[in-house]
Amino acid sequence: MTEFIPSFNNARLVQGSLMQDEIILDLLTYWENLRAGRIVPARSDIDPREIKSALDHTFILEQCPSCTTRFRLAGIKMCDLLGMELRGMPAHAVIAPEFRDQFNAQLADVMGAPKIVELHLSGEISGDRQINARMLLLPMHDKNDAITRVLGCLSLQGNLKRAPIRFDITDVKTTRIVAGQSATPLQGFAEPSVGFEHAPTQVFKCINGDGGERKTPNQSAGRSHLRLVKDD
């Protein structure tokens with residue numbers, strides 16, 4: 001495991017491999033701009049319209065007091081990994097069982113330290129064929145200023161041939177977060193604090209670029225944007 005203490009300049013890390021992946025760099029840059037000198041940005045700062053290039057690959061995790069950290073929101077490419085909706089599922093659902101303890105420990109470090117974590121992943125797609133991926137985990141605070149949310153993305157280095165796929169962790173890079181000057185929080189969209197046991201009463205549909213409604217991943221293999229769910 002490698003740790004860096006970067007001097008942020010539009011989230012372009014001097015060391016590490018974040019510069020090599022456009023999806024990861026775009027999300028990291030967006031998060032750093034939202035952070036604007038604070039330790040972490042707020043969950044309510046996030047505006048999906050500002051991360052269109054990475055949206056299909058993006059997810060938000062929520063730390064639950066009485067259960068494991070879970071997916072709160074997930075883009076269509078994330079759902080394609082398991083061939084199903086990820087909302088409400090444990091965050092480690094896309095990780096191979098033997099690596100889940102390591103993943104959960106890194107996830108706790110993201111929110112506890114807090115830190116930026118980049119995971120290098122490898123998964124089997126058929127026979128002895130492997131596909132590599134990178135996952136970026138970025139901490140955020142909730143409406144109570146507690147760091148209980150994670151903005152993340154997963155970038156595949158190849159084409160996914162089948163689902164489900166679960167990844168081994170092959171490398172971990174962490175980056176300490178250093179606060180700069182304070183900034184006024186931005187206004188994005190807020191998410192109500194509710195438990196996962198409640199059934200959603202209003203759904204923001206998956207939308208095509210032409211405005212048409214998309215179906216869920218196991219109903220359609222087409223592209224869509226981040227799936228947003230609001231509970232009353």
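Sequential numbering from 1 along the given sequence is applied to the chain's residues.
The shortest distance between side-chain heavy atoms of T170 and L121 does not fall below 4.5 Å. A 4.5 Å side-chain heavy-atom check between L82 and R166 finds at least one atom pair inside the cut-off. L154 has its side chain within reach of M135: a pair of non-hydrogen atoms, C-beta onward, lies under 4.5 Å apart. At least one side-chain heavy atom of F167 sits under 4.5 Å from a side-chain heavy atom of I131. Looking at heavy atoms from C-beta onward, L107 lies in side-chain contact with L137 at the 4.5 angstrom threshold. Proximity of L27 to T58: side-chain heavy atoms (C-beta onward) are separated by under 4.5 Å at one or more points. Looking only at side-chain heavy atoms (C-beta outward), F71 and M78 come within less than 4.5 Å of each other. No side-chain heavy atom of K173 sits under 4.5 Å from any side-chain heavy atom of V117.
Here the straight-line distance linking atom CZ of F59 with atom CG of L151 works out to 8.0 Å at 0.5 Å rounding. Separating the CG atom in L119 from the CG atom in D168 is a distance of 12.0 Å, to the nearest 0.5 Å. Atom CD1 in I23 sits 8.5 Å away from atom CG in L156 (nearest 0.5 Å). In this structure, the separation between CE on M89 and CZ on R72 is 16.0 Å, given to the nearest 0.5 Å. Once rounded to the nearest 0.5 Å, the distance linking NE2 of H92 with CD of Q106 reads 15.5 Å. Atoms CD and NE2, from Q157 and H120 in turn, are 8.0 Å apart once rounded to the nearest 0.5 Å.
Between D45 and R43, no side-chain nitrogen of the basic residue sits less than 4.0 Å from a carboxylate oxygen of the acidic one, so the salt-bridge criterion is not met. Between E124 and R129 no salt bridge is recorded (no basic side-chain N to carboxylate O distance below 4.0 Å).
The local environment of CG in N144 is crowded, with over 12 non-hydrogen atoms from other residues, nucleotides or ligands closer than 6.0 Å.
Note on residues 97-111: pairs passing salt bridge (charged side-chain N to carboxylate O under 4.0 Å, His left out), not counting sequence neighbours, are D109-K115.
Nearest heavy atoms, I177 versus I39: CG2-O, 3.1 Å. Across every non-hydrogen atom of Q63 and T69, the tightest pair is CA-OG1, 3.8 Å. Closest approach of P90 to R70, counting heavy atoms only: CD-NH1, 3.6 Å.
No donor-acceptor pair closer than 3.5 Å links the side chain of D80 to the backbone N or O of G83. Checking side-chain atoms of Y30 against main-chain N and O of D47 turns up a donor-acceptor pair under 3.5 Å. Panel note: side chain R149, backbone P139; no donor-acceptor pair is recorded below 3.5 Å. For R35 (side chain) and V40 (main-chain N/O), no donor-acceptor pair under 3.5 Å exists by modelled atom type.
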Derivation of the side-chain contact (heavy atoms from CB on, under 4.5 Å) call for L28 and E118: CA-CA 11 Å; L28 180 61; E118 182 197 5; over 6 Å; no

Stepwise side-chain contact (heavy atoms from CB on, under 4.5 Å) test for L136 and I116: CA-CA 8 Å; L136 181 66; I116 297 169; 3.8 Å; yes

Audit row: I125, I165, side-chain contact (heavy atoms from CB on, under 4.5 Å) steps and yes/no: CA-CA 7 Å; I125 53 177; I165 184 170; 3.6 Å; yes

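Side-chain contact of Q130 with S122: a donor-acceptor pair under 3.5 Å is present, judged by distance alone.
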